[in-house]
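Treat the numbers as computed from the prediction; the structure is a model and nothing was measured.
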Amino acid sequence: MSQLSFSDEFRHFDGNCIRFHGYDGVRPILCGVTAEALKRCDLHLPHTGLIPAEEFLQAFDRLILKIHDSARAKYAEGKFERDGEIKILVKRHDLLNR
């Protein structure tokens, strides 16, 4: 298993998390970061109330280095999600430890 790279700008908010692609060589690995992680780790994002998808995407952009570092570390440690399409899911505690 090599290190994940992040070479495209795909990002999609599905209501629970932002999905993005990591790559192990040419093999795509679907990754995500939870909405809760973004709400708790981005100072500009409200903690409560209805938050537009665009604001979550902006928070993702502000935290992109921490998110990518966390996803890369989880991938290297083999911490994969057991269920669903997303293989690497970055959660609040992952971002707080970066």
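- Across every non-hydrogen atom of S70 and V90, the tightest pair is CB-CG1, 3.8 Å.
- Rounded to the nearest 0.5 angstrom, R92 CZ and C41 SG are separated by 7.5 Å.
- Once rounded to the nearest 0.5 Å, the distance linking OG1 of T34 with CD1 of I18 reads 10.0 Å.
- Considering all non-hydrogen atoms of both residues, G22 and C31 come closest at N-SG, 4.0 Å.
- Using the six-membered ring where Trp is involved, H12 and F10 have ring planes that are parallel, under 30° apart on the 30 and 60° scheme.
- Environment of CD in E9: sparse, with no more than 12 heavy atoms of neighbouring residues, nucleotides or ligands closer than 6.0 Å.
- A salt bridge links D61 with R11: the closest approach of a Lys/Arg side-chain nitrogen to an acidic carboxylate oxygen falls below 4.0 angstrom.
- Of all the heavy atoms in I29 and I88, the pair that sits closest is CG2-CG1, 4.2 Å.
- A continuous path of Ile, Leu, Val, Met, Phe, Trp and Tyr side chains, each step under 4.5 Å between heavy atoms, connects L57 with V33, placing both in one hydrophobic cluster.
- Atom CD1 of I51 sits about 12.0 Å away from atom CD of Q58, to the nearest 0.5 Å.
- Within the 4.5 Å cutoff, the side chain of L38 has no heavy atoms near those of the C17 side chain.
- Ring pair H68/F20: centre-to-centre distance below 6.0 Å.
- A distance of 12.0 Å separates CG of D83 from CG of L89, quoted to the nearest 0.5 Å.
- Looking only at side-chain heavy atoms (C-beta outward), E55 and P46 come within less than 4.5 Å of each other.
- Here the straight-line distance linking atom CG of N16 with atom CZ of R19 works out to 9.0 Å at 0.5 Å rounding.
- Salt bridge D94/K91: absent, no basic N to carboxylate O contact under 4.0 Å.
- Tracing side-chain contacts under 4.5 Å through hydrophobic residues (I, L, V, M, F, W, Y), one never reaches F56 starting from L30; they form parts of separate clusters.
- Under the 4.5 Å side-chain contact rule for hydrophobic residues, F80 and I86 do not share a cluster.
- Taken together through direct or relayed side-chain contacts under 4.5 Å among Ile, Leu, Val, Met, Phe, Trp and Tyr, I67 and L96 form parts of separate hydrophobic clusters.
- Salt-bridge annotation for R72 and D69: present, with a side-chain N of the basic residue lying under 4.0 Å from a carboxylate O of the acidic one.
- Remark: the backbone N or O of K39 is not paired with any side-chain donor or acceptor of D42 at under 3.5 angstrom.
- Note: L4 CG to Y23 OH = 11.0 Å, rounded to the nearest 0.5 Å.
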